[in-house]
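Everything numeric here is computed off the predicted structure, so don't read it as measured data. Numbering of ligands and ligand atoms starts at 1, following listing order.
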Amino acid sequence: MSLKEYQRKRKFEITPEPKGEIKKISKNRFVIHKHQARHLHYDFRLEMDGVLKSWAVPKGLPEIFGVKRLAVQVEDHPVDYINFQGLIPVGQYGAGKVEIFDQGKYKLIEGDKNKIIFELEGKKIKGKYALIQMKQSKNWLIYKMKN
Ligand code: MN
């Protein structure tokens, strides 16, 4: 894990986003940001390995069984991003409004390089989910599992 890509993409004298650092401990939290950028999408972030592993989910996490949604992996974000909300200025990377859609804790059930199964305990989003990487690409699928 590394925050190099995250930090390279941003000008911290302009954006209100945290510069951040890699943390030694993980509290098993997650956040879903609603990000009104050029296209509205949701950013799903899992606190893992000292960073927030992050995926852009165009349509948000499915709340019913049998629906598979695309989740595009993006650069690791700093753990300090977990409470971030604000306006990324015009001209900056990810320009637009960022709000917290939901947050809470998760329980890791299976953590593999290309397959992560976890249970979310958020206020809105709850239950067991799978994230499966497709052909070593940035594209993953996320779906809700029966418990
Ligand atoms: Mn985003």
Check: Glu47 side chain, Arg29 main-chain N or O, donor-acceptor pair, under 3.5 Å: yes
message: With carbon and hydrogen excluded and only N/O/S kept, which atom of His35 is nearest the Mn ion (ligand 1)?
response: ND1
Candidates Lys138, Arg10, Lys53 - the one meeting salt bridge (Lys or Arg N to Asp or Glu O under 4.0 Å) with Glu75: Arg10
query: For Asp43, what is the atom name of its N, O or S atom nearest to the Mn ion (ligand 1)?
result: OD2
field: Validation row: Lys128, Ile117 side chains within 4.5 angstrom (heavy atoms)
entry: yes
- request: Taking both backbone and side-chain atoms into account, decide whether His33 has an N/O/S atom under 2.8 Å from the Mn ion (ligand 1).
  value: no
- prompt: Hey, what's the ring geometry for Phe118 with Tyr129, parallel, tilted or perpendicular (30° and 60° as the breaks)?
  reply: parallel
